[in-house]
Amino acid sequence: MSRRQYPFHLIEPKWQAKWEMEQTFRAFNPGESVPNGHPFGTRHSLAGKNPSATELPPKFYILDMFPYPSGAGLHVGHPEGYTATDILSRYRRACGCNVLHPMGWDSFGLPAEQYAVKTGQHPRKTTDENIANFTRQIKSLGFSYDWSREVATTDPEYFRWTQWVFLQIYNSWFNPETNRAEPISTVKHPTDCDTDQKKRAYRDSKRLAFVSEAPVNWCPELGTVLANEEVIDGKSEVGGFPVIRKPMRQWMLRITAFAERLLADLDTIDWSESLKEMQRNWIGRSEGAGVDFQVDGHAAKIRVFTTRPDTLFGATYMVLSPEYKLVKELTTPGQAAAVNKYQEFASGRSDLERTELAKEKTGVFTGAYAINPVNGEKIPIWIADYVLASYGTGAIMAVPAHDTRDFEFAQKFNLPIVQVVQPPDSKTDWQGFVDEGTSVNSTGPEISITGLSTTEAKKKITAWLEEKGLGKKTINFKLRDWLFSRQRYWGEPFPIIWKRDAAGNLYHEALPESTLPLLPPALDDYKPTADGQPPLARATDWVNLPDSSIRETNTMPQWAGSCWYYLRYLDAKNAQSFVGKEAESYWMGTSASPKFKAQSSKSGDIATAANFELETLNFELGKATPGVDLYVGGTEHAVLHLLYARFWHKVLHDLGHVSTPEPFFKLVNQGLILGEDGQKMSKSRGNVVNPDDVLKEFGADAFRLYEMFMGPLQDTKPWNTRGVEGVYRFLGRVWRLFVDEKAETAFEQAETTAPAPNAELLDILVLNGAIADVAASAAQLKALHACIKKVTEDLDGMRFNTAISAMMVLVNEANTWQTRPLSVMRPFLQLLAPFAPHVAEELWSRLHSTFGQTAPSLTYAPWPAFDPSLLVESEIEIPISVNGKLRDLIRVATDADNATLEAAARSAEKVKPYLEGRTVKKVIVVPRKMVNIVVA
RNA sequence: GCCGGUGUGGCGAAAUGGCAGACGCAUUGGACUUAAAAUCCAAGGGGCCUUUAAAAGCCCGUGCCGGUUCGAGUCCGGCCACCGGCACCA
């Protein structure tokens, strides 16, 4: 494809400059002044005013997941979601919403720091350069972001508030009685907390941000600990380096306290089922019973968690995790050496080894025995690393007959296997049968559940355990507390200092809010110290304070900044607060503006633009959209970012800082874009498509259009350059519908001789003579209104690909028209505008100047309405089938009744032969659709 | 192993239970051109029958098997394949 279809290289920069100068896409907060001449003010009669929340039109908050500005720049996957949200933003503006559509940078992160370690260049410099490049690329695509709200997580004015939010969490606890986060000051100390030190220790143990000395995922290669979520198959998610378990003092956030709410509230939000499932699995709620086992000859009891209390009679041994507290105490002298050795072996094993060697069970007998509470039998106590210290109580009762893992273990170590569940199908082997069935061999001196179904048995035995004080119904979660500290330089420092009390014990204290932001110190060397201290520990001047207290040297993980950025956008410049109350309640709240309510109560029979607008908004209002109305991003954040952000939001909600319990009302995952070879794009495969190259050859409008035309947004689909050419040709056809061919030739000649690209040359172009301010024919109106209907409905349903095909249909038809009425071509440009805004703006302005008008703002021009009456056909073609097989097509009046249709069908030329000599058993007539004749 | 999703032309894909394949790509033919590019027009799931050729006609066809229905790509049951997630969570 050598010839340029239309001068996008002049048009696109021209309109991008215009939008930037005019601040076309600026969203106005309640109370903000709407400048005279701003098209938003003109559209909504708010020019020169300071509208309150109730005077502003209804809000629509449409958000992209902000990117990490990597050195590699954008790939074609980024703009897929961005294009979809941009189209919807422009559509919503046209519909009359106050649209908030911001962009920013998740700019803390490892690559800049690793580069700093290698070269000594400050990560801020790398980060700023990458942000500049990303900004250039994103702006070249013509997205309608309100850049006045841009944020970067690395900006001290931003992370000042990240630190502030951390302090909110730090200064809170979870009150189980109210099921909410509350200020730490409301904690009631137990009576034995009689000293200040004890009170402080108690308070600190309750905080939502707390310090824990637990084994953590340590990655030697990265020199940092990682959250469970960041470890994949025993390797670091970033870089794929081995991860080992190591006990360290770390900051944790008590996300587990919110597990139940994080799970339950999934039902209140409009996310894909698969995404919700991923979160549900991650939270991993399971119901069962905690059961106490007495240890033979000891005072100690061991509590286990089981989801199958009905199999208690089949518990033939018990397993503790190697790290279990009582192991040492219980182990008999004869087994001490073996147990010790095993504990060492297990602690040295990385998660990777644990996973890879999972098939082969290992373990050691402690020499101790427990008493099975249901039948008083002595069962051996083992330790094995297939039992995890961090789940449940770190101890299990083993029921080898009905648990796959226990079965394997029992077989390997020759432990007894006793059947206690009978499978419903008698042919099924009971050994290793883990599903529900009927209890057998389950009768003890005090309790029997033999003969009961699994469900009944569970109920009965749990009740018995509770009554005897031997156990109780328990709910467990897979979700662990969030390991929140990292040994890195390029992250938010904790606003925390450490002091010693009179007894010499270390304790932590928050810095006052007024001292924020706490900036990281300058360093020459960004590596962790040799003894494993974080890089910040190198800055001794910074670490050691005059009063001999010392600073926390860990930094926050990258997720911290992305946990609340969508709130900062609401009021990005606020220096007093992380977000202003009024801005928060307007953009995140659910209350519709009274102005809107007044409007929507008006009635109207004729479908006008204004009426249509109200209908769409009514529809939206009916769905109540608390929080972000639409959030679009990749699936890779299904359990990390999206779970953490929900957690922070709930804390902020409990503390009264935000209006809604959930941050993101509707969420859509865009699908992956594969390379042209159908493989995942990657540098090593050499199949990466760079948007810059595509833009240079085809322009931003074609690029945007192609990304949407490829297929449904949510689907994974391969890139195809030929496909770009196809939509590019479509834009060329649109161009030629509007532009005079001779003038275009002249323009092209002028262009080839021009020394540099010159947008003024566009003035050579004149409008195509076929465009005239004349009445449109019925067929033309019908074509237009069918297109309006389809595009509008498809935009509401986010079916961008079919909306584009509808516009192609219209353009193909318009190509055959001798005259192209203004009243058809003008609304068409409005339909095209969200998809291909640059070319639409250019043609829109030409259309108006040619017909002697000042062009109103295309961005804020009311979305065209379709008139259903124009779509009504007087005659339609309907299929006639005999015995379900299509035999003929007949033309009938649209409103033909059943009798007429049946008669017409029976006498249809190609139907008759099938009816001859047969009896008609039945005739199904669906008016306006089809007729089916059933014959014997 | 568990959970979720997807299977439709050569390719990307469309189809409130009612004409399968809209729209686009690639392909083929034609117009324009000295020629090419670009553009415009047209053809197009597979098979059979007949024919100089075409049209018309008939049969088959939405991963596989079965069911519901006058009618199934669409709904139900059972399989298969691929993609994504989780995975010793008791």
Side-chain angles (χ1 to χ4, degrees), chain A residues 1-5 232-233 272-282 284-286 288 304-308 311 319 354-355 357-359 361 384-388 390-399 402-406 408-409 434 476-480 635-636 638-639 669 671-672 678 706 709-712 714-727 729-730 732-733 736 741 790 799 801-809 811-812 815-816 877-889 910 913 921-926 928-935:
Chain A
M1 180 159 306
S2 59
R3 188 169 176 262
R4 187 180 279 132
Q5 290 274 348
I232 313 284
D233 291 338
S272 73
E273 202 43 47
S274 67
L275 192 62
K276 287 186 185 182
E277 269 309 300
M278 277 191 231
Q279 292 225 339
R280 287 190 193 113
N281 288 338
W282 194 266
R285 183 184 194 274
S286 58
V304 301
F305 172 71
T306 176
T307 53
R308 292 295 296 272
T311 62
V319 187
R354 278 192 164 202
T355 314
L357 303 173
K359 287 158 207 124
K361 295 268 182 297
D385 71 355
Y386 83 89
V387 173
L388 308 175
S390 49
Y391 182 76
T393 61
I396 61 152
M397 64 175 206
V399 184
H402 308 295
D403 180 281
T404 313
R405 298 148 300 182
D406 298 342
E408 284 170 12
F409 192 82
V434 298
N476 249 307
F477 294 93
K478 280 203 277 183
L479 185 69
R480 312 290 160 79
T635 340
E636 64 273 21
V639 285
N669 288 124
L672 205 62
Y706 176 63
F709 189 61
M710 291 170 83
Q714 293 89 338
D715 288 8
T716 299
K717 44 214 174 274
W719 184 267
N720 177 5
T721 301
R722 300 281 200 182
V724 192
E725 289 171 20
V727 293
R729 270 200 284 269
F730 162 69
R733 276 198 292 277
R736 291 186 295 273
E741 209 181 311
K790 181 82 178 137
R799 294 179 296 268
N801 54 334
T802 49
I804 293 167
S805 87
M807 290 189 283
M808 288 173 167
V809 171
V811 166
N812 288 346
N815 244 322
T816 67
E877 195 172 55
I878 67 163
I880 309 302
S881 44
V882 178
N883 285 350
K885 286 203 159 105
L886 176 71
R887 295 303 175 192
D888 204 354
L889 297 169
K910 292 169 192 163
K921 280 166 54 183
K922 194 172 177 183
V923 179
I924 292 103
V925 181
V926 183
R928 304 170 63 104
K929 286 284 182 204
M930 48 72 66
V931 177
N932 186 20
I933 301 170
V934 185
V935 298

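Bear in mind that the values here come from a model prediction, so they are computed numbers and not experimental data. We use all heavy atoms of the structure for the numbers below, so side chains are in, but hydrogens, waters and symmetry mates are not. Per chain, numbering begins at 1; letters A, B, ... match sequence-line order.
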[X] side chain near [N] phosphate (N/O to OP1/OP2, under 4.0 Å):
X	N	result
A:Gln5	B:U39	yes
A:Arg4	B:A38	no
A:Arg736	B:C40	yes
A:Asn669	B:G5	no
A:Lys922	B:C70	yes
A:Tyr386	B:A90	no
A:Ser286	B:A90	yes

Looking at A:Lys921 and B:C70, is any side-chain donor or acceptor paired with a base atom of the opposite kind under 3.5 Å?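 Counting by modelled atom types and ignoring angles, no donor-acceptor contact under 3.5 Å is found here.
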Quick one: side-chain hydrogen bond (donor to acceptor under 3.5 Å, both in side chains) partners of A:Arg280, sequence neighbours excluded? A:Asp267, A:Glu273, A:Glu277
[atom1] gap between [N] and [M], integer Å:
N	M	atom1	result
B:G12	B:U6	C1'	15 Å
B:C48	B:U39	P	37 Å
B:A13	B:A22	P	15 Å
B:G46	B:C82	C1'	25 Å
B:G10	B:U52	P	31 Å
B:C83	B:A90	C1'	30 Å
B:A81	B:C76	P	22 Å
B:G18	B:A72	P	11 Å

Which string of ( ) [ ] | and . matches RNA chain B, if you list each base 5' to 3' and count Watson-Crick or G-U pairs only when both distances are under 3.5 Å? (((((((..(((.....[....))).(((((.......))))).((((........))))..(((((..]....))))))))))))....
All N/O pairs under 3.5 Å across the protein-nucleotides 14-19 of chain B interface:
from: B:A14; atom 1: OP1; to: A:Asn801; atom 2: ND2; distance (Å): 2.9
from: B:U16; atom 1: O4; to: A:Lys929; atom 2: NZ; distance (Å): 3.4

Reading RNA chain B from 5' onward, which residue's closest nucleotide shows up sooner: A:Asn815 or A:Asn476?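 Final value for this comparison: A:Asn815.
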Residue closer to the 5' end of RNA chain B, A:Arg285 versus A:Val727 (nearest nucleotide):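 Comparing both residues, the 5'-ward one is A:Val727.
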Excluding sequence neighbours, so at least two apart, what forms ring-ring contact (aromatic ring centres under 6.0 Å, His included) with A:Phe409? A:Tyr317, A:Trp382, A:Tyr386, A:Phe413
Going by the rule ring-ring contact (aromatic ring centres under 6.0 Å, His included), which residues pair with A:Tyr706 if we only count those two or more places apart in sequence or in a different chain?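 A:Tyr706 satisfies ring-ring contact (aromatic ring centres under 6.0 Å, His included) with A:Trp719 once adjacent residues are dropped.
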Grab the N/O contacts between the protein and nucleotides 56-61 of chain B below 3.5 Å, and write none if there aren't any.
from: B:G57; atom 1: OP1; to: A:Lys910; atom 2: NZ; distance (Å): 3.3
from: B:C58; atom 1: OP1; to: A:Tyr914; atom 2: OH; distance (Å): 2.7
from: B:C59; atom 1: OP2; to: A:Arg887; atom 2: NH1; distance (Å): 3.4

Has the side chain of A:Thr635 got a donor or acceptor atom that lies under 3.5 Å from a matching backbone atom of A:Ala638? no
